[in-house]
Amino acid sequence: MSQTIYNVLLREKVTFKPLTEGQVMLYVCGPTVYDNSHLGHAKTYVSFDVVLRWLRYNGNKVRYVQNITDVGHLLDDGEDRILKGARREKVEPMEIVERYMRSYFEDMDALGVTRPDISPRASAHVPEQIEMIQELIAKGHAYDVNGTVYYSVESFKEYGKLSGRRVEEMEAGKRVAVRDEKRHPMDFALWIKAPSNHVLQWPSPWGRGYPGWHIECSAMSNKYLGATFDIHGGGVDNIFPHNECEIAQSEAAHDEAFANYWMLTGTLLVDGVKMSKSLGNFVTIKDALKQYRPEALRLFILSGLYRSPADFSAAALDSATKGAERINTAARRVRNTIKSAKSGDAATNERLITLLDQYHMRFASAMNDDFNAPLALSALFDMSKDLNSAMDEGTASIEVLERANTIYTELGSQVLGVIQSDIGIGVRRQGSGWSASAPMDAESAERESTLIQMLIDMRLEARKAKDFAHADTIRAQLSKIGVILEDGPQGTTYRIRS
RNA sequence: GGCGCGAUAGCAAAUCGGUUAUGCAACGGAUUGCAAAUCCGUCUAGCCCAGUUCGACUCUGGGUCGCGCCUCCA
């Protein structure tokens, strides 16, 4: 079964063929690290995390590169975002970078997002960027004006092919004061001359300055993935000018195609408008994790197509929380039931295992179809319903449950990350939020489960003696510290409240 | 104004030219010492107007509305 991808460059769904069979070169635009990340970032990076995980699950070797922008990304008033952060927090610019880069990785770890294989920083690749700019000047695609180098959009006839714009059609300078020194109003800066007091500056053939925002992605993707690579990802909100400029720079410099497939994620909205820093309507990932489980946040993100917009709301997150609980409860029940399950008769086993394999196939064909996570999820929900029925009826044999457990682990945990991994491996509640760090050590976990089991046994004695008041007290006390007891046909099980 | 994307039941959100999406919520029932979990059943769809077709939520055209981008954002 082949993989399809909606290629933004062609505006259609096409079969995905990597340059090298079984090997995928993936680049995704990363964050500018000058403040805490919000749920908009989570949507994009969780989406690509699932793309990555699915490609790897299917046996591909994937090199995943995601830049860290730590210089050159300017605000409206021309100030560098990093410098603004430094001034705000009264620290060195590179302290801002360190602080928020760490914060970003903390958040991504907590959300179970796989780390990129390479996280190149713009400030660490200034020579590569300078080299590329020199190449562009040599080929007549860029020009130096008093120490600032501009890219000439008229020199690249395909400028606008990704976003569907044409240079002639754009009324440039309508809302931003055009600098006279540009040959064309749409020309953009590759290298910016630094005022003498500018904190971030490097020597260059054009004097001291710093790189423009777009050039880093071109230079670093070239360095780590090659001039032409397979997939370029990011949020649609960067389609113009950023992604367009990347293509222009890279293809003009190397005279060959840049990324073969463009995948762009839909915007996260709040009450119908974009969640963004400038509007101030954002929820940081750290705040969201104080209220919602990582699996719930992932389920919320994955219950819509990656390229569609999604609307953030408490109702949507509550719904996702319930959904995550449902699927996790079923998976946990399967694991618990395995312990006491017996072998089944051949006919029933065959029937149920065939059913499970069909769900697996449904999941796979959904994911193969442009990573349709919501459709893939529906297979897991349907499967859960059938498994619950089988366990209710007692027809779920050890063979069936083992198979089900494998599917939950592979598809639910390993691919989508919406089902908690086995105890001790996954995330654990810590303080007032969720964090990937400090999973409980094995010894403490063992002690905890033994203690809880003792209380369960005590409660069972009370129930046998019809002392329900005592039994309920034990359950209520445990509930207070987040331990939920559930009586089932196979006895009492417990879970830690989410 | 230009470019792009979208409009599905109470909410969220997929698929599909003719057959139950799915999740959440609601209602009825089963199960249960009580809970929880689970199961069974029920109820709500396809913005408007044309067209293509034996048949359209699904294809085509027009309209209306919404969002994103055109200026920093994943």
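In what follows, chains carry the letters A, B, and so on, assigned in the order in which the sequence lines appear, proteins first and then strands, with residues in each chain numbered from 1. Being a predicted model, the structure only gives us computed values, none of them experimental.
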Scan [X] against the nucleic acid and name what it touches under 4.0 Å (heavy atoms): base, sugar-phosphate only, or nothing.
X: A/Gly40; answer: base
X: A/Gly30; answer: sugar-phosphate
X: A/Tyr45; answer: sugar-phosphate
X: A/Ile327; answer: nothing
X: A/Asn388; answer: sugar-phosphate
X: A/Met275; answer: base
X: A/Asp472; answer: base
X: A/Val273; answer: sugar-phosphate
X: A/Ser276; answer: base
X: A/Leu377; answer: nothing
X: A/Arg326; answer: sugar-phosphate
X: A/Lys43; answer: nothing
X: A/Phe468; answer: base

Mark yes or no for whether [X], through its side chain, and [Y], through its backbone, hold a donor-acceptor pair below 3.5 Å.
X: A/Lys161; Y: A/Leu10; answer: no
X: A/Asp237; Y: A/Thr267; answer: no
X: A/Thr148; Y: A/Lys193; answer: yes

Euclidean distance for [atom1], [N] against [M] (whole angstrom):
N: B/C39; M: B/A45; atom1: P; value: 25 Å
N: B/A25; M: B/C16; atom1: C1'; value: 26 Å
N: B/A7; M: B/G61; atom1: P; value: 15 Å
N: B/U60; M: B/U53; atom1: C1'; value: 12 Å
N: B/C65; M: B/A26; atom1: C1'; value: 29 Å
N: B/A12; M: B/G46; atom1: C1'; value: 15 Å
N: B/U22; M: B/A14; atom1: P; value: 15 Å
N: B/C69; M: B/A50; atom1: P; value: 36 Å

Which nucleotide in [options] has an atom nearest any side-chain atom of [X]:
X: A/Val236; options: B/C5, B/G68, B/A74; value: B/G68
X: A/Arg463; options: B/C39, B/C34, B/A74; value: B/C34
X: A/Ser378; options: B/A74, B/A21, B/C34; value: B/A21
X: A/Arg459; options: B/C34, B/C70, B/A74; value: B/C34
X: A/Pro241; options: B/A37, B/A74, B/C70; value: B/C70
X: A/Pro374; options: B/C40, B/A74, B/A14; value: B/A14
X: A/Arg11; options: B/G4, B/A74, B/U38; value: B/G4
X: A/Leu268; options: B/A74, B/U38, B/G33; value: B/A74
X: A/Lys322; options: B/C39, B/C24, B/A14; value: B/C24
X: A/Arg495; options: B/A36, B/G23, B/A74; value: B/A36

_Considering all heavy atoms, the nearest A/Pro120-A/Tyr224 contact_ = CB-CE1, 3.7 Å

Any side-chain heavy-atom pair from [X] and [Y] closer than 4.5 angstrom?
X: A/Arg459; Y: A/Gln477; result: no
X: A/Asp49; Y: A/Arg298; result: yes
X: A/Asn388; Y: A/Lys385; result: no
X: A/Phe363; Y: A/Trp54; result: yes

_Taking the six-membered ring of A/Phe105 as reference, does the cationic atom of A/Arg115 (NZ for Lys, CZ for Arg) lie under 6.0 Å from its centre and within 45° of its axis?_
yes

_Residues forming a salt bridge (Lys or Arg N to Asp or Glu O under 4.0 Å) with A/Lys277, sequence neighbours excluded_ = none

_With a 4.0 Å limit, can you tell me whether A/Asn372 has a side-chain N or O closer than that to the phosphate oxygens OP1/OP2 of B/U15?_
yes

*asked:* With a 4.0 Å cutoff (strictly under), does any side-chain N or O of A/Lys277 reach OP1 or OP2 of B/A74?
replied: no

*Heavy-atom donor-acceptor pair, A/Arg166 side-chain to B/C3 base, under 3.5 Å*: no

*Look at the side chain of A/Asp487 against the base of B/C34 and say whether a donor-acceptor pair falls under 3.5 Å; ignore hydrogens and angles.*
yes

To the nearest Å, how far apart are [X] [atom1] and [N] [atom2]?
X: A/His184; N: B/C70; atom1: NE2; atom2: C1'; value: 14 Å
X: A/Asn328; N: B/U38; atom1: CG; atom2: P; value: 12 Å
X: A/Glu216; N: B/A74; atom1: CD; atom2: P; value: 10 Å
X: A/Phe240; N: B/C69; atom1: CZ; atom2: C1'; value: 9 Å

*Give the stems involving RNA chain B, where a stem is 3 or more consecutive Watson-Crick or G-U wobble pairs (i with j, i+1 with j-1, and so on) under 3.5 Å.*
B:1-7 with B:64-70, B:10-12 with B:22-24, B:26-30 with B:38-42, B:47-51 with B:59-63

_Closest-nucleotide 5' rank along RNA chain B - winner of A/Ala324 and A/Asn238_ = A/Ala324

*By nearest nucleotide on RNA chain B, pick out whichever of A/Tyr6 and A/Leu279 is the more 5' one.*
A/Tyr6

*Mind checking the CZ-OG1 spacing from A/Phe468 to A/Thr473? Nearest 0.5 Å is all I need.*
13.0 Å

*Could A/Glu98 and A/Arg121 be called an ion pair, given the rule that one side-chain N must be under 4.0 Å from one carboxylate O?*
yes

_Check this for me, if you would: do A/Arg475 and A/Asp472 make a salt bridge, where the nitrogen-to-carboxylate-oxygen distance has to be below 4.0 angstrom?_
yes

_Between A/Tyr100 and A/Tyr34, is the ring pair (Phe, Tyr, Trp, His ring centres under 6.0 Å) condition met? List the steps._
CA-CA 6 Å; A/Tyr100 290 110; A/Tyr34 71 111; 7.9 Å; no

*asked:* Counting only heavy atoms and a strict 4.0 angstrom limit, can you tell me which residues of residues 302-310 of chain A come near RNA chain B?
replied: A/Ser303, A/Gly304, A/Leu305, A/Ser308

